Enquirer: 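I have a structure I would like to understand better, so I am pasting it below and will then ask my questions one at a time.
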Amino acid sequence: MALIARVGVDLSKYNLRYSHLGFVWRDHPEGRWLLIHELNQCGTASSALFNEGLGNFFLDDLFAYETEIMIPSAATQERIVSLLAGRAASFHDGHYNMVAFPFSTQYQNSNQWALETLASALSIENPIRTREQAQAWLKLSGYAPTT
């Protein structure tokens, strides 16, 4: 499994390149590669998790066809796959806002869902079960979002 990011919109005026993040994985060893990510429902304030083929990740009207792929350690991959196969939805909140504050649970955007899920996989010593716990772990780990 790996994390994958794309350039959906031009964020260069904010000194950012990638606008969307998801997880590429196989639901079983011989299975097809899938992408699980959060998307809002076409301009609405509602979102859902999508577990779909990789092609759909690049079918949007993207600013640039550029991607970043990040491959975690084998142990982290196992923990993320376990989450994706079971509790991925536990960090999803359907109240969507593209500019949701990273340390608030009032709204959620797609990258926030991915980061909170990743935090749960990386927190080995203290199991993370809620968005609040995931956000606290991110803060304690030095995650500092940009404006």
Side-chain angles (χ1 to χ4, degrees), residues 1-9 11 14-60 62 66-147:
M1 73 77 44
L3 286 86
I4 187 169
R6 70 178 183 201
V7 183
V9 295
L11 298 174
Y14 305 108
N15 294 317
L16 298 172
R17 184 72 182 151
Y18 300 97
S19 60
H20 189 67
L21 179 67
F23 298 99
V24 178
W25 71 305
R26 284 186 168 172
D27 55 357
H28 55 83
E30 300 303 317
R32 65 185 178 127
W33 285 98
L34 299 169
L35 172 84
I36 187 166
H37 58 143
E38 178 184 300
L39 292 172
N40 73 311
Q41 309 296 325
C42 295
T44 71
S46 312
S47 68
L49 293 181
F50 291 82
N51 194 11
E52 55 192 5
L54 271 170
N56 288 349
F57 191 65
F58 297 104
L59 283 179
D60 286 341
L62 303 180
E66 180 181 325
T67 191
E68 177 85 17
I69 297 173
M70 298 148 280
I71 302 172
S73 70
T76 300
Q77 287 182 50
E78 286 180 32
R79 290 191 300 275
I80 293 171
V81 167
S82 177
L83 279 171
L84 297 179
R87 296 187 309 112
S90 63
F91 296 101
H92 175 253
D93 185 329
H95 297 97
Y96 183 86
N97 188 314
M98 182 174 62
V99 293
F101 181 64
F103 298 123
S104 170
T105 58
Q106 182 176 4
Y107 299 102
Q108 186 179 56
N109 63 40
S110 54
N111 295 336
Q112 200 172 2
W113 169 79
L115 286 171
E116 291 167 5
T117 301
L118 182 61
S120 179
L122 292 173
S123 177
I124 299 166
E125 55 288 337
N126 296 314
I128 292 175
R129 303 266 183 245
T130 68
R131 293 188 62 212
E132 292 86 352
Q133 291 171 336
Q135 291 173 8
W137 186 91
L138 287 165
K139 272 185 187 177
L140 290 172
S141 298
Y143 173 70
T146 58
T147 303

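Note that this is a predicted model, so its numbers are computed, not measured.
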Enquirer: How far does CE of Met98 sit from CG of Asn40, to the nearest 0.5 angstrom?
Expert: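 Met98 CE to Asn40 CG: 8.5 Å, rounded to 0.5 Å.
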
Enquirer: My understanding is that only residues two or more places apart in sequence, or in another chain, count here; which of them pass side-chain contact (heavy atoms from CB on, under 4.5 Å) with Pro72?
Expert: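 Expected list: Met1, Leu3, Thr76, Gln77, Ile80.
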
Enquirer: Give a yes or no answer on whether the side chain of Ser82 reaches the backbone of Glu78 with a donor-acceptor pair at less than 3.5 Å.
Expert: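 Judged by distance alone, no pair lies under 3.5 Å.
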
Enquirer: Measure from the side-chain N and O atoms of Thr44 to the backbone N and O of Ser46, and report whether any donor-acceptor pair falls under 3.5 Å.
Expert: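 Between the backbone of Ser46 and the side chain of Thr44 there is a qualifying donor-acceptor contact (under 3.5 Å).
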
Enquirer: Show, in sequence, the C-alpha distance, side-chain angles and deciding distance for Ile124 and Arg79, and conclude whether the side-chain contact (heavy atoms from CB on, under 4.5 Å) test is met.
Expert: CA-CA 9 Å; Ile124 299 166; Arg79 290 191 300 275; 3.5 Å; yes

Enquirer: Return the OG1 to CG distance between Thr146 and Leu11, rounded to the nearest 0.5 Å.
Expert: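 Separation between the atoms: 9.0 Å.
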
Enquirer: What residue pairs, at least two apart or across chains, pass salt bridge (Lys or Arg N to Asp or Glu O under 4.0 Å) with a residue in residues 29-39?
Expert: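 Non-adjacent pairs meeting salt bridge (Lys or Arg N to Asp or Glu O under 4.0 Å): zero.
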
Enquirer: Report the distance from atom CG of Leu21 to atom CZ of Phe23, rounding to the nearest 0.5 Å.
Expert: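 Leu21 CG to Phe23 CZ: 6.5 Å, rounded to 0.5 Å.
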
Enquirer: Run the side-chain hydrogen bond (donor to acceptor under 3.5 Å, both in side chains) test against Trp137 and tell me which residues pass, sequence neighbours left out.
Expert: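 Not a single residue meets the side-chain hydrogen bond (donor to acceptor under 3.5 Å, both in side chains) criterion with Trp137.
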
Enquirer: Would a 4.5 Å heavy-atom cut-off, applied to side chains only, mark Pro102 and Leu115 as touching?
Expert: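 Contact flag for Pro102/Leu115 side chains = no.
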
Enquirer: Between Gln108 (side chain only) and Ala100 (backbone N and O only), is there a donor and an acceptor less than 3.5 Å apart?
Expert: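 No, Gln108 side chain to Ala100 backbone: no donor-acceptor pair under 3.5 Å.
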
Enquirer: Who are the ring-ring contact (aromatic ring centres under 6.0 Å, His included) partners of Phe91, not counting sequence neighbours?
Expert: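 Checked Phe91 against ring-ring contact (aromatic ring centres under 6.0 Å, His included); zero matches.
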
Enquirer: For Glu66, check salt bridge (charged side-chain N to carboxylate O under 4.0 Å, His left out) against everything at least two apart and list the hits.
Expert: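 For Glu66, the residues satisfying salt bridge (charged side-chain N to carboxylate O under 4.0 Å, His left out) (neighbours in sequence not counted) are Arg17.
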
Enquirer: Could you tell me the separation between the CG atom of Asn109 and the CZ atom of Phe101, rounded to the nearest 0.5 Å?
Expert: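 Atom-to-atom, Asn109:CG and Phe101:CZ are 12.0 Å apart.
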
Enquirer: What is the distance from atom CG of Leu35 to atom CG of Asn56, rounded to the nearest 0.5 Å?
Expert: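 Rounded to the nearest 0.5 Å, the CG-CG separation comes to 8.5 Å.
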
Enquirer: Could you work out, with ring-ring contact (aromatic ring centres under 6.0 Å, His included) as the rule, every residue matching Tyr107, not counting sequence neighbours?
Expert: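 Scan of Tyr107 (ring-ring contact (aromatic ring centres under 6.0 Å, His included), adjacent residues dropped) gives none.
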
Enquirer: Could I get the full list of side-chain contact (heavy atoms from CB on, under 4.5 Å) partners for Ala144, not counting sequence neighbours?
Expert: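 By the side-chain contact (heavy atoms from CB on, under 4.5 Å) rule, Ala144 matches no residue at all.
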
Enquirer: Could you work out, with side-chain hydrogen bond (donor to acceptor under 3.5 Å, both in side chains) as the rule, every residue matching Asn51, not counting sequence neighbours?
Expert: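 With sequence neighbours excluded, Asn51 shows a side-chain hydrogen bond (donor to acceptor under 3.5 Å, both in side chains) to Trp25, given in chain and number order.
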
Enquirer: Rounded to the nearest 0.5 Å, how far apart are CD1 of Ile71 and CD1 of Ile4?
Expert: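 Nearest 0.5 Å value for the CD1-CD1 distance: 10.5 Å.
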
Enquirer: Mind listing the closest non-hydrogen atom pair of Ser110 and Tyr96 along with its distance?
Expert: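 Looks like N-CE1, 3.7 Å.
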
Enquirer: Applying ring-ring contact (aromatic ring centres under 6.0 Å, His included), name anything that partners His20, two or more places apart in sequence or on another chain.
Expert: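 Applying ring-ring contact (aromatic ring centres under 6.0 Å, His included) to His20 gives His37, Phe57.
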
Enquirer: What pairs meet the salt bridge (Lys or Arg N to Asp or Glu O under 4.0 Å) rule with one or both residues in residues 138-147, with sequence neighbours excluded?
Expert: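 For residues 138-147: none.
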
Enquirer: Which pairs count as salt bridge (Lys or Arg N to Asp or Glu O under 4.0 Å) when at least one residue sits in residues 108-130, sequence neighbours excluded?
Expert: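 Listed once each, the pairs are Glu116-Arg131.
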
Enquirer: Side chains of Tyr143 and Phe103: does their closest heavy-atom pair fall under 4.5 Å?
Expert: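 Tyr143 vs Phe103: side chains touch.
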
Enquirer: Going by the side-chain hydrogen bond (donor to acceptor under 3.5 Å, both in side chains) test, name the single residue among His92, Gln41, His95 that passes it with Ser47.
Expert: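 Per the side-chain hydrogen bond (donor to acceptor under 3.5 Å, both in side chains) rule, the option paired with Ser47 is His92, out of His92, Gln41, His95.
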
Enquirer: Over all heavy atoms of both residues, which pair between Trp113 and Leu84 is shortest? Give the atoms and the distance, please.
Expert: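 What the structure gives for the nearest pair is CH2-CD2, 4.4 Å.
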
Enquirer: Tell me if a side-chain donor or acceptor on Ser19 pairs with a main-chain N or O of Val7 at a distance below 3.5 Å.
Expert: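 Here the side-chain-to-backbone pair does not exist.
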
Enquirer: Specify the closest pair of heavy atoms between Ala134 and Ile128, including all atoms of both residues, with the distance to one decimal.
Expert: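 Smallest heavy-atom distance, with atoms named: N-CG2, 3.5 Å.
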
Enquirer: For Arg26, enumerate each residue passing the salt bridge (charged side-chain N to carboxylate O under 4.0 Å, His left out) test, keeping only those at least two apart in sequence or located in another chain.
Expert: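 Counting only residues at least two positions away or on another chain, Arg26 forms no salt bridge (charged side-chain N to carboxylate O under 4.0 Å, His left out).
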
